[in-house]
Novice: 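Okay, handing you the structure first.
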Amino acid sequence: MAKKLTALVAGGGIGGLATAAALGRHGWDVTVYERQDALRAVGAGIYIWENGLLVLEALGAFEEATHGAFHGSHFEQRDNRGEIIESAPIAADKRLLTVPRSQLLHALHQACLRAGVNIVTRAEVTGATARGELLLSGGDVVAADLAVGVDGLWSRVRESLGLELSHEQTLEGALRTMIPARVGDFGPQDAGKYIECWNGTRRYLVTPVSDQETYLALTCLQSETEARAIPVNKALWSESFPQWAHLTERIGSSPVNWGVYSVIHCRQWSSGRTAILGDAAHAQTPNLGQGGGMAMQNGLALAVALKDVKDRRDIPAALEAWEQKERPLVDHCQRWASLYGEVTHLPDDVRSRVIRGAMSDAWIAGAVFRAANHVPTGTRNAH
Ligand SMILES: Cc1cc2nc3c(=O)[nH]c(=O)nc-3n(C[C@H](O)[C@H](O)[C@H](O)COP(=O)(O)OP(=O)(O)OC[C@H]3O[C@@H](n4cnc5c(N)ncnc54)[C@H](O)[C@@H]3O)c2cc1C
């Protein structure tokens, strides 16, 4: 029997676990190095569009990841007076589900275990070489046929390979948390929807993720020190969004985190036998809800691109072909996620006109939802 090819994955987040599970399912001997003492998701809830759901199916993680998930009928935007700017129905054949991040991570972890992936926690990666090596904080060097850096925004793998072109941090950021759900939280006009409300530079995104929990994302500018304060300034947010004061009041039972967004561009996604993906390679603002989807999608596509490799010398060319195939969609998504975020800086009434005009334009709507409508490499519908 041919010897199994070996892979090292730096980072046990959404992208790292999806990549590891995909490689494991394709017959690789995989080890993940995660710096935290356990696999732990940062953030609260997550939107998973059709493309991400197809990847979860391909990894055998769909049922667990989406058990009890919220399946909304509309994505709705409202203005500072609470009036609907745009209410976009979610097409029946294009699913959008929202789940707690912890549930998604757990499902991917289980998929890794089923695929025979070895996971090492408390293992900080400090660098990498183009020869498929990862450097660990204790001074050890581990080597394999392939190494993949999925170590997030401040990727040491990206840095040590000199792949970064730019890392821009936005003026805007988000407070994210989970609150317990209660019967009566949503009136008849709210039920069954994902709802994004605007007021000046502030935004209040209400997302049920199960019968028990609702995910809140409160966005504002980094310069708005009171609005981004932790503990959350409930009086200020209730004043900006009085219709959600009953939800704001409940903030505090789960951790709250604040962060501005990063947009990362790299000159390429690999060097020799070491690749990067996920936020490490192509972080985008969260406006399209596609950063995690792109990370999972590219992890699966990487395993597919390497499926016929029998000799490690063929890995660099396979990685280049992988990037060539997958990158145009990622670049597109990054661009449109950033563009969407620009409406933050418009006066309320202008923003409403722009959103309404843009989303009723078929070409623009097609561009915004291109990733959601994409059939990812390696999934059941892919050619
Ligand atoms: C406010 C906000 C909302 C978002 N909403 C959505 C959404 O609804 N849908 C969506 O698809 N995406 C969303 N995203 C984007 C999504 O969270 C990211 O794109 C996704 O988490 C990227 O996954 P990743 O595995 O590349 O990185 P991460 O999730 O950051 O995981 C990186 C992992 O690597 C580990 N690590 C870091 N450094 C090291 C090291 N040196 N050594 C070892 N381990 C290391 C970390 O501990 C972590 O476990 C959102 C982002 C933000 C900021």
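For ligands, and for the atoms within them, numbers begin at 1 and follow the listed sequence. Position 1 is the first residue of the sequence; numbering continues from there.
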Novice: Show your working on side-chain contact (heavy atoms from CB on, under 4.5 Å) between Y340 and E342 and close with a plain yes or no.
Specialist: CA-CA 5 Å; Y340 184 111; E342 289 302 312; over 6 Å; no

Novice: Considering only heavy atoms of V125, which atoms of ligand 1 have at least one such atom less than 4.0 Å away?
Specialist: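 Listed by number with element: 40 (C), 41 (N), 42 (N), 43 (C).
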
Novice: Are W198 and Y204 an aromatic pair, judged by ring center distance below 6.0 Å?
Specialist: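 No: the rings miss the under 6.0 Å criterion.
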
Novice: Enumerate the atoms of ligand 1 whose separation from the nearest heavy atom of Y47 is less than 4.0 angstrom.
Specialist: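 Those qualifying, in numeric order: 7 (C), 8 (O), 9 (N), 10 (C), 11 (O).
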
Novice: Could you walk me through whether V232 and L218 pass the side-chain contact (heavy atoms from CB on, under 4.5 Å) test, one step at a time?
Specialist: CA-CA 10 Å; V232 171; L218 280 48; 4.3 Å; yes

Novice: Just jot down the side chain to side chain donor-acceptor pair (under 3.5 Å) partners of E320, sequence neighbours excluded, or say none.
Specialist: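 Once residues adjacent in sequence are excluded, E320 has no partner under the side chain to side chain donor-acceptor pair (under 3.5 Å) criterion.
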
Novice: I'd like to check which ligand 1 atoms, numbered from 1 as shown, lie under 4.0 Å from a non-hydrogen atom of I14.
Specialist: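 By the 4.0 Å cutoff, the relevant atoms are 21 (O), 25 (O).
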
Novice: Name the orientation class of the two ring planes belonging to Y194 and F70 (parallel below 30°, tilted from 30 to 60°, perpendicular beyond 60°).
Specialist: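 The arrangement is perpendicular - the two ring planes meet at more than 60°.
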
Novice: Against heavy atoms of G16, which atoms of ligand 1 measure under 4.0 Å?
Specialist: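 Near G16, the atoms of ligand 1 are 25 (O).
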
Novice: Taking only heavy atoms of D279 into account, list the atoms of ligand 1 that are under 4.0 Å away from them.
Specialist: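 So the answer, numbered in order with elements, is 18 (C), 19 (O), 20 (C), 22 (C), 26 (O).
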
Novice: Backbone or side chain, does any N or O of G15 fall under 3.5 Å from an N or O of ligand 1?
Specialist: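 Yes, at least one N or O pair falls under 3.5 Å.
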
Novice: For N287 and A337, indicate whether the former's side chain and the latter's backbone hold a donor-acceptor pair under 3.5 Å.
Specialist: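 Yes, the answer is positive, given that a donor and an acceptor are paired below the 3.5 Å cut-off.
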
Novice: Provide the number and element of each atom of ligand 1 under 4.0 Å from a heavy atom of Q36.
Specialist: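 Selected atoms, number and element: 47 (O), 49 (O).
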
Novice: Of the choices H282, R176, M294, which has the non-hydrogen atom that lies closest to atom 1 (C) of ligand 1?
Specialist: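 Considering heavy atoms of H282, R176, M294, the nearest to atom 1 (C) of ligand 1 sits in R176.
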
Novice: Decide whether an N or O pair under 3.5 Å exists between G278 and ligand 1.
Specialist: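 No - when backbone and side-chain N and O of G278 are compared with those of ligand 1, no distance drops under 3.5 Å.
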
Novice: Using the test salt bridge (charged side-chain N to carboxylate O under 4.0 Å, His left out), find all partners of R176 that sit at least two apart in sequence or belong to another chain.
Specialist: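 R176 satisfies salt bridge (charged side-chain N to carboxylate O under 4.0 Å, His left out) with no residue once adjacent residues are dropped.
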
Novice: Quick one: does ligand 1 sit under 4.0 Å from the side chain of Y33, the backbone, both or neither, non-hydrogen atoms only?
Specialist: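 Backbone only; the side chain of Y33 stays clear of ligand 1.
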
Novice: Could you check whether any heavy atom of A123 sits closer than 4.0 Å to an atom of ligand 1, since that is the contact criterion I want to use?
Specialist: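 A123 counts as a contact of ligand 1 under the 4.0 Å cut-off.
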
Novice: Any atoms of ligand 1 less than 4.0 Å from a non-hydrogen atom of V150? List them with their elements.
Specialist: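 Answer, ordered by atom number: 25 (O), 26 (O), 32 (C), 33 (C), 34 (O).
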
Novice: Examine G291 against ligand 1 and note whether any of their N/O atoms are separated by less than 3.5 Å.
Specialist: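 Yes, since at least one N or O of G291 sits under 3.5 Å from an N or O of ligand 1.
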
Novice: Counting only nitrogen or oxygen atoms and a 3.5 angstrom limit, does G293 reach ligand 1?
Specialist: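 There is such a contact, yes.
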
Novice: Nearest to atom 6 (C) of ligand 1 by heavy atom, R101, E34, Q290, R40: which?
Specialist: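 Closest candidate by heavy-atom distance is R101.
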
Novice: Judged on heavy-atom distance to atom 11 (O) of ligand 1, which of G292, G43, G127, A280 sits nearest?
Specialist: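 It is G292 whose heavy atom sits nearest to atom 11 (O) of ligand 1.
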
Novice: For ligand 1, find out whether one of its N or O atoms is nearer than 3.5 Å to an N or O atom of I46.
Specialist: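 No, there is no polar N/O contact under 3.5 Å.
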
Novice: Using distance alone, decide if ligand 1 has a nitrogen or oxygen within less than 3.5 Å of any nitrogen or oxygen in Y261.
Specialist: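 No; the residue has no nitrogen or oxygen that sits under 3.5 Å from a nitrogen or oxygen of the ligand.
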
Novice: Any protein heavy atom sitting closer than 4.0 Å to atom 28 (P) of ligand 1?
Specialist: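 No, there is none.
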
Novice: Would A10 count as a contact residue for ligand 1, given that I'm defining contact as a non-hydrogen atom of the residue lying under 4.0 Å from a ligand atom?
Specialist: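 Heavy atoms of A10 never come under 4.0 Å of ligand 1.
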
Novice: Any nitrogen or oxygen of E124, side chain or backbone, less than 3.5 Å from one on ligand 1?
Specialist: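 By distance alone, the answer is no.
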
